[in-house]
2 protein chains.
Amino acid sequence: MVKQNTSERILDVTQELIQSRGYSAISFNDIAEKVGIKKPSIMHHYPSKAALGVAVVDRYRKTFAAMFDNILSEHKLPAKKILDIYFSPYLNLSENKEKVCLCGALAGEYRALPEELRGEITRFFDDSKKWLVTILELGKDAAEFGFDGEPEVVASLMLDTLQGSLMISRATSNKNHVHETIESLKSELGL
Amino acid sequence: MVKQNTSERILDVTQELIQSRGYSAISFNDIAEKVGIKKPSIMHHYPSKAALGVAVVDRYRKTFAAMFDNILSEHKLPAKKILDIYFSPYLNLSENKEKVCLCGALAGEYRALPEELRGEITRFFDDSKKWLVTILELGKDAAEFGFDGEPEVVASLMLDTLQGSLMISRATSNKNHVHETIESLKSELGL
DNA sequence: GTCTATACAAAGATAGAC
DNA sequence: GTCTATCTTTGTATAGAC
């Protein structure tokens with residue numbers, strides 16, 4: 001692990017705080033304290049709270065995009081394995097009762113967010129759905145998955161369920177809930 | 001429609017604002033302006049923001065509870081009809097691109113919320129799941145629904161999907177999405 | 001029950017020294 | 001690149017007149 005620069009540490013801390021408490025509830029002071037700097041220093045790296053929010057979501061989305069591009073193009077994994085990789089961030093988050101998906105957290109306060117930030121969230125959900133459609137098509141073509149209906153419709157249902165499951169499991173302190181949800185989703189695909 | 005008193009108008013406005021923008025992002029001033037009073041007047045009715053939040057969620061939950069108690073005990077509707085009534089608030093909200101479920105909105109910023117408010121949210125989700133379990137059992141006993149697995153598991157999946165669907169449809173401006181989700185859920189029950 | 005006035009803390013943001 | 005100091009606005013909340 002390379003020693004991170006301040007810009008990235010700010011992104012890390014901000015992401016973690018949003019996943020735990022949302023965007024509106026956190027302040028430059030909260031972030032600065034966790035990073036170990038003073039609040040005006042943050043503005044040297046990101047000129048406004050909106051810009052910082054956009055940078056966090058942009059990085060989040062691109063990290064997932066890079067991960068799936070790599071998995072889908074470089075390797076020849078069975079669709080079942082790729083699907084497990086798709087599920088893994090949800091499973092990891094669910095073991096930590098503090099956090100949900102970054103964009104799931106932001107979606108709740110959507111209409112309070114700056115316009116630029118909303119666009120990033122929209123993009124994340126659109127991308128998340130597309131990745132899932134690709135996996136479903138792979139699995140259907142390889143006869144690994146057995147499901148009825150259009151991949152787009154099934155993908156939407158699955159994404160909705162994963163996001164809702166994370167959110168509700170945190171609010172109901174049901175630690176095993178996301179795991180059960182994922183098992184059910186897999187079983188609906190014949191796995 | 002009876003003319004409402006100020007206490008209830010405050011609850012109405014606060015609920016609407018939370019469903020649109022969340023809890024942390026709204027202020028007494030936002031509420032007061034919409035109600036048409038000054039902000040200290042709110043505190044005459046609710047001593048703190050936390051108390052107001054609790055009152056809003058408590059009323060929300062009790063409204064649904066009363067509705068389902070009434071439907072389940074007074075009438076002898078087929079389970080299919082009762083399920084449609086259960087779905088109807090989600091469908092109504094989805095036609096308004098501004099709002100999501102009150103507790104769905106709050107779930108995103110869960111760890112920023114005062115303890116008392118968190119308890120109310122937990123209770124709403126627990127109750128929502130129980131109502132759905134009851135409907136599923138009714139439908140299964142009457143051979144109206146055909147689904148595999150425990151009603152508790154199916155109910156959890158359905159609630160997660162509904163909540164996630166509302167949230168994501170708002171963030172992706174997909175107005176017809178919740179409608180499609182509900183059709184898919186019904187089809188999975190053999191309807 | 002609603003208002004004006006005010007207290008006090010915290011927010012986002014800027015200026016300028018180092 | 002980070003700091004101290006400061007500005008301005010807004011937040012929750014209280015006191016007390018009407």
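Labels below follow one simple rule: chain letters A, B, ... track the order of the sequence lines, proteins then strands, and each chain is numbered from 1.
Between B:S41 and the phosphate of C:dG1, there is no side-chain N or O to OP1/OP2 separation shorter than 4.0 Å.
Classification of B:K34 and B:D30 as a salt-bridged pair fails, no side-chain N sitting under 4.0 Å from a carboxylate O. Taking 4.0 Å as the cut-off between side-chain N and carboxylate O, A:K62 and A:D58 count as a salt-bridged pair.
More than 12 heavy atoms of other residues, nucleotides or ligands shown are found within 6.0 angstrom of NZ on A:K140.
The cationic atom of A:K49 (NZ for Lys, CZ for Arg) lies less than 6.0 Å from the six-membered ring centre of A:Y23 and within 45° of the ring axis.
Shown for residues 42-51 of chain A: residues whose heavy atoms fall under 4.0 angstrom of DNA chain C, namely A:M43, A:S48, A:K49. For DNA chain C, the neighbouring residues in residues 5-32 of chain A, judged by any heavy atom under 4.0 Å, are A:I26, A:S27, A:F28, A:N29.
For the pair A:S20 and A:K99, the tightest heavy-atom approach, listed with the atom from each and the gap, is N-CG, 4.5 Å.
B:K129 and B:S156 share a donor-acceptor pair across their side chains, judged by distance under 3.5 Å alone. When only modelled atom types and interatomic distance are considered, A:S24 and B:S24 share no side-chain donor-acceptor pair under 3.5 Å.
Residues satisfying the ring pair (Phe, Tyr, Trp, His ring centres under 6.0 Å) test with B:Y90, not counting sequence neighbours, are none.
Protein atom NZ of B:K39 is 12 Å distant from nucleotide atom C1' of D:dT14, rounded to whole Å. As a whole-Å value, the separation of B:L113 CG from D:dT12 C1' is 16 Å.
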